[in-house]
Chemist: 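Quick one: the structure is below, questions incoming.
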Protein chains: 4
Amino acid sequence: MVDQSPLLKEQTRRERRIERQRKAIMDAAAGLFAQKGYLATTTRDIAETVDMGESTLYGYFAGKKEILQAILSHQAEMVDSLLVHIVEMEDPQSFVNLVDLLMEKILTRTVYNRVLIAEAWTSEDVLQEYVLTRWQPVMQRLESFISMKTAAGIFRPIEPGLAARMLLACFIAAILPVLRGIEPPPSAQQRRMLAVSVVGIISNGLSIQEG
Amino acid sequence: MVDQSPLLKEQTRRERRIERQRKAIMDAAAGLFAQKGYLATTTRDIAETVDMGESTLYGYFAGKKEILQAILSHQAEMVDSLLVHIVEMEDPQSFVNLVDLLMEKILTRTVYNRVLIAEAWTSEDVLQEYVLTRWQPVMQRLESFISMKTAAGIFRPIEPGLAARMLLACFIAAILPVLRGIEPPPSAQQRRMLAVSVVGIISNGLSIQEG
Amino acid sequence: MVDQSPLLKEQTRRERRIERQRKAIMDAAAGLFAQKGYLATTTRDIAETVDMGESTLYGYFAGKKEILQAILSHQAEMVDSLLVHIVEMEDPQSFVNLVDLLMEKILTRTVYNRVLIAEAWTSEDVLQEYVLTRWQPVMQRLESFISMKTAAGIFRPIEPGLAARMLLACFIAAILPVLRGIEPPPSAQQRRMLAVSVVGIISNGLSIQEG
Amino acid sequence: MVDQSPLLKEQTRRERRIERQRKAIMDAAAGLFAQKGYLATTTRDIAETVDMGESTLYGYFAGKKEILQAILSHQAEMVDSLLVHIVEMEDPQSFVNLVDLLMEKILTRTVYNRVLIAEAWTSEDVLQEYVLTRWQPVMQRLESFISMKTAAGIFRPIEPGLAARMLLACFIAAILPVLRGIEPPPSAQQRRMLAVSVVGIISNGLSIQEG
DNA sequence: CATGAATGAGCGTTCATTCAT
DNA sequence: AATGAATGAACGCTCATTCAT
């Protein structure tokens, strides 16, 4: 029962070590990419940040480009899992839960998202592969949610595409300073309050409701 | 009385020529910066686009960095003038006029704004000098506008800062694909419709108003 | 009549200057390649030898590889022109003239040939493109010459291919130390004597002729 | 009396194992060196070919350079033994035996010779130490053989040095495609035929002998 | 004023070798 | 003894900038 499969254990321990190193490199790189941009960051910068020899990086990644791609893919996985969660949340009951979940997911690994946004802003390919394609299902889920509400007579008739984009925009606006790195991430409580504000505005607007 | 102006004329003609050239360089550079990013754009790229010798650029700008700064300053001036217009518009009557004006101003020289956003995203200095500082008066004007409406009993009580940011966010969302360069600029008519939509959502939300 | 086409003149002067520089770089590189081999020669080495900045090289050649190719092509042209000369020499009268011409052509730009041989020795592609293909017409001309002599009853029956190769080998042997760079190039007179020796052995061998 | 040998046996068995490994490494390296050249071959290439960890090589050789030297020395020993054989062959009776022996010796370990030639072509030191010095006795033996024949009235008067070099050249020409690796090694029979051809040409030339 | 040519600084990357296990 | 991991040194090459014309 004891000491079974020492080889296997060794194997996985090594693999874990490698994965840990890759993670450390990605984190360091993401921080630098977020701060200075991908091109302005040198492999020397990254190596120094992880406290490694420059050439050691190449034992874990094929090159600088691949580090970036790993970071972007990492975020893509996050978005993919996000979709799963949203779909599983069969009856979100209210917008608030949905928005809160979106915010939570986006605000984890903030720097990764900063990098993703920066790259998508100047690269057609990244925009397509890592943003448009990935977010499409999320947006569609959002749109169908809005359509449902409209059909149920809860929302007034509105183009669901524009509505979804504005909903997204409102909470992006709410978290932009965090994403940009000029404000610290909000606590769970603060985040929920933001979500409530966003949904409040989206639902009822600024105007006083009569009746 | 004779022969007095030729020198002056020559002078100003030269100056105009110089200014025209500087503009041409800035436009070319802005297009490339927007497309590939500042660092990925070489001075050779710029020179070829303006159809100049590479070293000729240095007769008009001290260096690549200065071209970027000229572009950013150019946009800053636009924002500054925007504030003047907003302040002059003593009673905008409705949000729509305000929002429409903002959109119009932002959508002129789209590429310049793409560059500005890209740089502000990865440079603390650019963010401070060309975005936060410049937009603060605009945001303040917006906030005081909202406060006024709230005080007048037209808006329900809400934190004007957050409201202003979300208002901004909503129309940024509306024009993001244009800014990003994946959709063409809207016509004046389309723009006004967008403005109406944005203000509609901000004012009344998605929910059906009762009473 | 005078001062006609200054632009054209300027053009060609610049072109000549460029061609001169390219030649200087090729010569320097060929010398180093011959001495240390292509891979052991750094672009810094070459630049220092031509007394240039390292990056200046790249104004004349796309890269290190292209310098090598230019050198190899240069030799290929020599071989091509050699063939023309041989074909034009309608009746060489004797082997000696043919062999002497071959020797002369091969011993010009000795270093270039050293480089060519070195590369062909370890690169299938270079061997094919720059040696086998180019020399084939020369060898064929040689073989048909031998066949003619055999048919005329002057040579005894022998496989002309092997004979041609051995003829080539004999004078390669004669000039190998020069090619290898351990002996200085022979004078025209010395060269002719070598040619006579080579043809002597090929024709009559070492044995004393009886009869 | 008992248990005395195990240690010794173990020792020699280990030594044999080490020697076997060294040989395997040398063979793998020689193959790669012959194919791509010494510098273009990485220690990783070699290690993979011998199916070893890269660092394990350093248990058998002090470094990449030392592997090359071992290969070159190996060939040098071959040449040394060649001289012994030639000297022992007190009366070779005919050239053919001599030439055949030379060919046989050179065509064993073809790749080793390819490496040797490649290195000698671009390294003064290798040329001196592993070629000129080693072959000098062989050439001298050849020259004295020729001198003997000349003195005996069998050969016509000729400078024996040039004659020896051309003799060498002729059979090098005969086996060059094999050495270069573009033709398979000849069978013993084919080899003898080549030797006969070579000696035939050297002895009697191409011309028809009269009388 | 315009420019072709030149260049230093620095980049991403490779590789023979060392070291800890 | 064997090896995966680490690394310094050096490579080929790019590019913003300068300079002579």
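Within every chain, numbering begins at 1; the chains are lettered A, B, ... in the order of the sequence lines, protein sequences first and strands thereafter. If you're wondering where the values come from, they're calculated on a predicted model, not measured in any experiment.
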Chemist: Output the rounded distance in Å from CD1 (Ile18(A)) to P (dG4(F)).
Modeler: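 My rounded result for the distance is 10 Å.
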
Chemist: Between CE of Met26(D) and CZ of Phe61(D), what distance do you get to the nearest 0.5 Å?
Modeler: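 Going from the CE atom of Met26(D) to the CZ atom of Phe61(D) covers 5.5 Å.
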
Chemist: Think Thr43(D) has a side-chain N or O under 4.0 angstrom from the OP1 or OP2 of dA16(E)?
Modeler: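 It does, given that an N or O in the side chain of Thr43(D) lies less than 4.0 Å from OP1 or OP2 of dA16(E).
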
Chemist: By nearest nucleotide on DNA chain F, pick out whichever of Arg44(C) and Gly59(A) is the more 5' one.
Modeler: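 Nearest nucleotide further toward 5': that of Gly59(A).
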
Chemist: Scan every strand shown for a Watson-Crick or G-U wobble partner of dA1(F), both distances under 3.5 Å, and answer none if you come up empty.
Modeler: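 Check on dA1(F): unpaired, no WC or wobble geometry under 3.5 Å.
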
Chemist: CG of Leu57(B) versus P of dA16(F): gap in Å, rounded?
Modeler: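 Computing the Leu57(B):CG to dA16(F):P distance gives 10 Å.
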
Chemist: In whole angstroms, how far is the P atom of dT13(E) from the CD atom of Glu66(A)?
Modeler: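 Interatomic distance, CD of Glu66(A) to P of dT13(E): 7 Å.
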
Chemist: Measure the distance from CD on Glu54(B) to C1' on dA2(E) and round it to the nearest whole Å.
Modeler: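 Going from CD in Glu54(B) over to C1' in dA2(E) covers 13 Å.
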
Chemist: Do Asp125(B) and Tyr130(B) have side-chain atoms, one donor and one acceptor, less than 3.5 Å apart?
Modeler: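 There is no such pair between these side chains.
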
Chemist: Checking contacts here: which listed nucleotide (dA5(E), dT3(E), dC15(F)) is nearest the side-chain heavy atoms of Arg14(C)?
Modeler: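 Shortest atom-to-atom distance from the side chain points to dA5(E).
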
Chemist: For the residue pair Thr42(D) / Asp45(D), report whether a side-chain donor-acceptor contact shorter than 3.5 Å exists.
Modeler: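 Yes, because at least one side-chain N or O of Asp45(D) sits under 3.5 Å from a partner of the opposite role on Thr42(D).
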
Chemist: Nearest whole Å is fine: how far is dG12(F) P from Tyr58(C) OH?
Modeler: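 From Tyr58(C) OH to dG12(F) P: 7 Å.
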
Chemist: Select one nucleotide: of dC1(E), dA5(F), dT13(E), the one nearest the side-chain heavy atoms of Lys64(A).
Modeler: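 Taking heavy atoms from C-beta onward, the closest nucleotide is dT13(E).
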
Chemist: In the strands shown, is dT13(E) matched to any nucleotide by a Watson-Crick or G-U wobble pair with both distances under 3.5 Å, and which?
Modeler: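 dT13(E) is paired with dA10(F).
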
Chemist: Closest approach to the side chain of Thr42(B), judged atom by atom: which nucleotide of dA1(F), dG12(F), dC15(F) is it?
Modeler: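 Of dA1(F), dG12(F), dC15(F), dC15(F) is nearest to the side chain of Thr42(B).
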
Chemist: Looking for any heavy atom pair under 4.0 Å, which part of the strands does Ile67(A) touch: base, sugar-phosphate only, or nothing?
Modeler: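 Contact class for Ile67(A): none.
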
Chemist: Is there a side-chain polar atom (N or O) of Thr56(D) under 4.0 Å from OP1 or OP2 of dT3(F)?
Modeler: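 Yes, within the criterion.
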
Chemist: Below 30° counts as parallel, above 60° as perpendicular, anything between as tilted: where do the rings of Tyr38(D) and Phe33(D) land?
Modeler: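 Tyr38(D) vs Phe33(D) ring planes: perpendicular.
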
Chemist: Would you mind reading off the distance between Arg17(C) atom CZ and dT3(E) atom C1', rounded to a whole angstrom?
Modeler: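 After rounding, the reported distance stands at 13 Å.
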
Chemist: Inspect the contact between Arg44(C) and Glu48(C) and indicate whether a charged nitrogen and a carboxylate oxygen are less than 4.0 angstrom apart.
Modeler: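 Salt bridge between Glu48(C) and Arg44(C), a charged N being under 4.0 Å from a carboxylate O: no.
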
Chemist: Please tell me which of Tyr38(A) and Asp51(B) maps to the more 5' nucleotide of DNA chain E, matching each residue to the nucleotide holding its nearest heavy atom.
Modeler: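 Nearest-nucleotide comparison on DNA chain E picks Asp51(B).
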
Chemist: Between Glu19(B) and Lys23(B), is the closest basic N to carboxylate O distance under 4.0 Å?
Modeler: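 Here Lys23(B) does not pair with Glu19(B) in a salt bridge, since their nearest N and O are not under 4.0 Å apart.
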
Chemist: What's the CE-P distance between Met52(C) and dC13(F), to the nearest Å?
Modeler: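 So the two atoms are 16 Å apart, to the nearest Å.
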
Chemist: Can you check whether Tyr60(C) has a side-chain N or O nearer than 4.0 Å to OP1 or OP2 of dA6(E)?
Modeler: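 Affirmative; the distance criterion is met.
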
Chemist: Of Ser55(D) and Gly53(A), whose closest DNA chain F nucleotide lies nearer the 5' terminus?
Modeler: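 Looking at DNA chain F, the more 5' nearest nucleotide goes with Ser55(D).
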
Chemist: According to a strict under-4.0 Å criterion, is Gln21(B) in side-chain N/O contact with OP1 or OP2 of dC1(E)?
Modeler: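 Result: no.
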
Chemist: Return the value, rounded to whole Å, for the distance between atom CG of Leu68(D) and atom P of dT17(E).
Modeler: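 Computing the Leu68(D):CG to dT17(E):P distance gives 12 Å.
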
